[in-house]
Amino acid sequence: MRRFTAFFLILFCLAATSATLPPDELSKKFVGSWRLVSIEGHPPGRPFVYDRPTGLLMYDPSGHMCVNIVLKADRKPFAPFAKGLLTATTEEKAAAFESYAAYFGTYTVDAKAGTVTHHLEDNLIPGRGGTDNVRWFEFQGDNRLYLIPMEDGKGGVLPRKDATYKLLWERLK
């Protein structure tokens, strides 16, 4: 009976360790370029209407990342195109700023917590350099990735079960 119990204990331990990837293997799953598929829910504390958002997220093997998201598909071009930024009105510039999100920096993966942290070097929003964006992550196979912000909109953290704001990304080939 002791051998039988020991055998199943060893079998259970082997199954448990093979079901989760080692930390460096998990980090490697992030590497590549990802296309935004959808945004579900709204950022806590910031009601916002998304209109066919598009985006690109990149993680490289050296630990760098960047993300660009167009939040609204109906962005109005500045006219005339050749001198757009120079001739755009304050209202046009504000609308362009409000419909775009972008930042870059480095990233770290915490396998135990199930989080990826984006360490911002700079951001479209001034003053955000040197801050962290922490995201829970969920892989769906090898080609889909949910990133779920954990901020509650008030300077705190939401419990994972209450987080409903999700960005779904699909790996580019």
(message) In the structure I gave you, are the side-chain heavy atoms of Pro53 and Leu36 within less than 4.5 Å of one another anywhere?
(response) yes

(message) Are Ile39 and Leu56 connected into the same hydrophobic cluster when the rule is that any two of I, L, V, M, F, W, Y join if their side-chain heavy atoms are below 4.5 Å apart?
(response) no

(message) Taking side-chain contact (heavy atoms from CB on, under 4.5 Å) as the criterion, tell me which of Lys29, His64, His118 meets it with Tyr59.
(response) His118

(request) Flag the pair Phe104 / Met65 as yes when at least one side-chain heavy-atom distance between them is below 4.5 Å, and no otherwise. (result) no

(request) Would you check if Thr106 and Glu121 make a side-chain contact, meaning some heavy-atom pair closer than 4.5 Å? (result) yes

(request) Work out which heavy atom in Trp136 is nearest to a heavy atom in Pro149; give both atom names and the distance. (result) CZ3-O, 4.0 Å

(message) For a 4.5 angstrom cut-off between non-hydrogen side-chain atoms, does Trp169 reach Arg35?
(response) no

(message) Between Leu168 and Ile148, is there shared hydrophobic-cluster membership here, with clusters defined by ILVMFWY side-chain heavy atoms closer than 4.5 Å?
(response) yes

(request) Take the angle between the ring planes of Phe30 and Phe137 and call it parallel below 30°, perpendicular above 60°, tilted in between. (result) perpendicular

(message) Pairing donors with acceptors under 3.5 angstrom, does anything connect the side chains of Glu151 and Tyr165?
(response) no

(request) Indicate yes or no: at least one non-hydrogen side-chain atom of Phe139 is less than 4.5 angstrom from one of Leu26. (result) yes

(message) How long is the straight-line distance from CG of Leu57 back to SG of Cys66, given to the nearest 0.5 Å?
(response) 7.5 Å

(request) With the side chain counted from C-beta on, respond yes when Leu167 and Ile69 share a heavy-atom pair under 4.5 Å apart, and no when they do not. (result) yes

(message) Testing the basics here: between Arg75 and Ala96, what is the closest heavy-atom pair and its distance to 0.1 Å?
(response) NH1-O, 3.5 Å

(request) Look at the side-chain heavy atoms of Ile, Leu, Val, Met, Phe, Trp and Tyr, link any pair under 4.5 Å apart, and say whether Tyr146 and Val157 land in one connected group. (result) yes

(message) Between Arg135 and Lys166 (side chain of the first, backbone of the second, donor and acceptor by atom type, cut-off under 3.5 Å), is there such a pair?
(response) no

(request) Kindly determine whether Trp34 and Glu170 satisfy side-chain contact (heavy atoms from CB on, under 4.5 Å), including the steps that lead there. (result) CA-CA 5 Å; Trp34 301 82; Glu170 182 175 65; 5.5 Å; no

(request) Could you check Val116 against Leu147 for side-chain contact (heavy atoms from CB on, under 4.5 Å), going step by step and ending with a plain yes or no? (result) CA-CA 8 Å; Val116 59; Leu147 292 181; 3.8 Å; yes

(message) Are Tyr100 and Asn68 packed together at the side-chain level, in the sense that at least one heavy-atom pair is separated by less than 4.5 angstrom?
(response) yes

(message) Please determine whether residues Leu172 and Val31 belong to a single hydrophobic cluster, defined as Ile, Leu, Val, Met, Phe, Trp and Tyr linked transitively by side-chain heavy-atom distances below 4.5 Å.
(response) no

(message) Given 3.5 Å as the limit, does a donor-acceptor pair link the side chain of Asp60 with the main chain of Gly63, or not?
(response) yes

Please report, to 0.1 Å, the donor-acceptor pairs under 3.5 Å made by any side chain of residues 123-134, with sequence neighbours excluded.
from: Asn123; atom 1: OD1; to: Ile125; atom 2: N; distance (Å): 2.8
from: Arg128; atom 1: NH2; to: Asn133; atom 2: OD1; distance (Å): 2.6
from: Thr131; atom 1: OG1; to: Arg128; atom 2: O; distance (Å): 2.5
from: Asp132; atom 1: OD1; to: His119; atom 2: ND1; distance (Å): 2.8
from: Asn133; atom 1: ND2; to: Tyr103; atom 2: OH; distance (Å): 3.4

(message) Using 0.5 Å steps for rounding, measure from the CG atom of Asp110 to the OG atom of Ser27.
(response) 9.5 Å

(message) In this structure, would Leu71 and Val67 fall into the same cluster of hydrophobic residues linked by side-chain contacts under 4.5 Å?
(response) yes

(request) Check whether any side-chain N or O of Glu92 sits under 3.5 Å from a backbone N or O of Thr89 as a donor-acceptor pair, and report yes or no. (result) yes

